[in-house]
Amino acid sequence: MSQPTLPKGTRDFGPQEVARRNYIFNTIRSVFELYGYQPIETPVMENLSTLTGKYGDEGDKLLFRILNSGDFLDETKKKFRGTTVEQLEAKDTASLLAEKGLRYDLTVPFARFVVMHRNDIVLPFKRYQIQPVFRADRPQKGRYREFFQCDADVVGSDSLWNETEFVQIYDTVFYRMNLQVIIRLNNRKVLNGLAQLIAAAEKATALTVAIDKLDKIGIQGVRQELIQGGFSESQIHTIERFFKLHGDNRTKVLQARELLQGISEGEKGCDELLEVLDKLSSAMPLHNKLEIDFTLARGLSYYTGCIYEVVADEGTLKSSIGGGGRYDDLTGIFGVKGLSGVGISFGADRIYDVIEETGKFPESALQGARVLAVNFGGEDETAAWQAVQQLRHNKISAELYPQAAKLAKQFKYADDKKIPYVLIIGEAERNAKSVTLKNMQTGDQEKTTLAHVIHLHNKY
RNA sequence: GUGAUUGUAGCUCAGUUGGUUAGAGCGCCAGAUUGUGGCUCUGGAGGUCGCGGGUUCGAGUCCCGUCUUUCACCCCA
């Protein structure tokens, strides 16, 4: 087949899809800016050395690597002539083939940005970033190889006001999108405290990975997973007491704090959660559900404090449409110690899928000309073109049908493109110094003046 | 990366145990209607059956490979 195709997991976007995506981006952007975040952008590609080792072994496998340019292949062949496979494996041969990669998320490039521009930025630095990221994953429902993340992070502030405001940002964005979501909140210190409580600090990761699956594989599944992970019955019993805690958010945290008594890290995690809840209680009530959820773990290993996850409370997509958290020493990996960061991310493509499925895109997400002027050719054509210019001069988006085609064809064009008004200027109208305006939705049409048309449409 | 699954007209899909010239609906184009879209009627165009190989007298149909789609696992937005 000579038909062109797209790489696996990538998509084209037509005019309507772009309009709807812009609606999502604009909603998120306006809330970010409302909270004082400023935009930055970074390149789609980073040095591989910036990216590798930041996302765990699984993450490294999902990095897209960019083949080096030039005739390096021949050079490399010469360079390694006569060397054995064992010698090759001992060297960093990969970097000879690829030294650049596509970014995997926006957080690591942001950390790199902060380090490189540390003398130019004002701390605490609040930035947002809306750009595509790339993962060499197998595509499936809600999972793409190229997708947009919308991140807001603040670096250089330990204050829990940041954590508090991120809850509000999530709440506000989804409220503006008319979407019901559940904002889940936990704290890594609580999870670490739990691991210490059962004397399994070194297995903290295995522990969190297992209990993170609770809502997916159920209590029995988690038990299985924990048993396989080498946890004892009594350890598992303690773990289960944790995720069986119930009551309102405050009660749950207080109960957890009691269970973690004497484990200072765990107590601190609970105190942080309580502080965020307190701060929120003195603000306007949230529109969406906020749930303290001790089973929330999140994969990225660099989280150290509060962690967030957002799932839609409507539609069928079960995976998260947003997530984030606090990471102490984010920039440490790039040599600048002691800078703490906290941030959140919106998964724009998954949000799109949910809004699409629930039919909640507003009509205004459509865009295009409001008025089509029909083209009769000759002097009529000139008159229509002048009218179009008048409309544009008055900020009314308008277009002239580019040739004197059959009227039915021109009307069908307006119909197909959902242009709501058609302006008709023919010989009769020119003689009467008037125009005919047809409303494509109602089918009504009236003879009027161009000035009146402009007056009418400027009201919108 | 593991395990399934899909591919036939622009779109959604039929296509019998392998058997003439591969069909339908929608869409598209033209006409009925030379100043009016949606509704109706009439006619028309449009296919290397994902791609490559194999079996067979004969393959859309069976076999192998490959790409692609979708889904689950892993992991994640």
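All values below come from the heavy atoms of this structure, side chains included, with hydrogens, waters and symmetry mates left out. Computed from a predicted model, the values in this text were never measured in an experiment. Each chain gets a letter, A, B and so on, in the order the sequences are listed, and its residues count up from 1.
The 5' end of RNA chain B is approached more closely, in terms of each residue's nearest nucleotide, by A:A136 than by the other of A:T10 and A:A136. Nucleotides of RNA chain B nearest to A:P7 and A:D349 differ in position, and the one nearer the 5' end is that of A:P7.
Ring pair A:F294/A:F243: centre-to-centre distance not below 6.0 Å. A distance below 6.0 Å separates the ring centres of A:F346 and A:F174. The aromatic ring centres of A:F147 and A:F134 sit 6.0 Å or more apart. A centroid separation of less than 6.0 Å is found between the aromatic rings of A:Y128 and A:F32.
Taking the six-membered ring for Trp and thresholds of 30 and 60 degrees, A:Y303 and A:Y327 have ring planes inclined between 30 and 60 degrees apart. Using cut-offs of 30° and 60° on the angle between ring planes, the pair A:F113 and A:F110 is parallel.
Of the P atoms belonging to B:C51 and B:C11, the separation is 14 Å, rounded to the nearest Å. Rounded to the nearest Å, the gap between the P atom of B:G25 and that of B:G54 is 38 Å. A distance of about 31 Å separates the C1' atoms of B:U61 and B:G44, rounded to the whole Å. Here, B:G47 and B:G60 have their C1' atoms 11 Å apart, quoted to the whole Å. Taking the P atom of each, B:A59 and B:G52 are spaced 15 Å apart, rounded to whole Å. Between B:U12 and B:U70, the two C1' atoms lie 16 Å apart (nearest whole Å). Comparing B:G23 with B:C41, their C1' atoms are spaced 23 Å from each other, to the whole Å. Distance check on atom C1': B:C29 versus B:U21 gives 24 Å, rounded to whole Å.
Residue A:L6 contributes atom CG, which lies 19 Å from atom P of B:G50 at whole-angstrom precision. Here B:C75 presents its C1' atom at 13 Å from CD of A:E225, a figure rounded to the nearest Å. Atom CG in A:D416 sits about 14 Å away from atom C1' in B:C26, given to the nearest Å. Here B:A77 presents its C1' atom at 16 Å from CZ of A:F166, a figure rounded to the nearest Å. The CZ-P distance, from A:F147 to B:C75, rounds to 16 Å in whole Å. Between the CD1 atom of A:I344 and the P atom of B:C76 there is a distance of 19 Å, rounded to whole Å. Counting to the nearest Å, the C1' atom of B:A77 and the CZ atom of A:F346 are 12 Å from each other. For the pair A:E58 CD and B:U2 P, the computed distance is 13 Å after rounding to whole Å.
Here A:Y144 lies in heavy-atom contact (under 4.0 Å) with a base. Contacts of A:K417 with the nucleic acid, taken as non-hydrogen atoms under 4.0 Å apart, are absent. Counting any heavy atom pair closer than 4.0 Å across all strands shown, A:G9 reaches sugar-phosphate atoms only and no base atom. Counting non-hydrogen atoms under 4.0 angstrom, A:V209 reaches the backbone sugars and phosphates but no base.
A salt bridge between A:K61 and A:D57 is absent, with no side-chain N of the basic residue lying under 4.0 Å from a carboxylate O of the acidic one. A salt bridge links A:E225 with A:K213: the closest approach of a Lys/Arg side-chain nitrogen to an acidic carboxylate oxygen falls below 4.0 angstrom. Between A:K360 and A:E314 there is a salt bridge, since a side-chain N of the basic residue sits under 4.0 Å from a carboxylate O of the acidic one.
Closest approach to the A:K8 side chain among B:C75, B:A72, B:U68 is made by B:U68 (side chain taken as heavy atoms from C-beta onward). Of the candidate nucleotides B:U2, B:A77, B:C75, B:A77 has the atom lying nearest to any side-chain atom of A:Q149.
Considering only side-chain N and O atoms, A:Q140 lies nowhere under 4.0 angstrom from the phosphate OP1 or OP2 of B:C71.
Evaluation of atom-type donor-acceptor distances gives a pair under 3.5 Å for the side chain of A:R143 against the base of B:C75. With hydrogens and angles ignored, a donor-acceptor pair under 3.5 angstrom links the side chain of A:R350 to the base of B:C76.
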Quick one, give me the B/S/- string for nucleotides 31-37 of chain B, reading 5' to 3', where B means a protein heavy atom under 4.0 Å from the base and S means that only happens at the primed atoms, P, OP1 or OP2. S---BBB
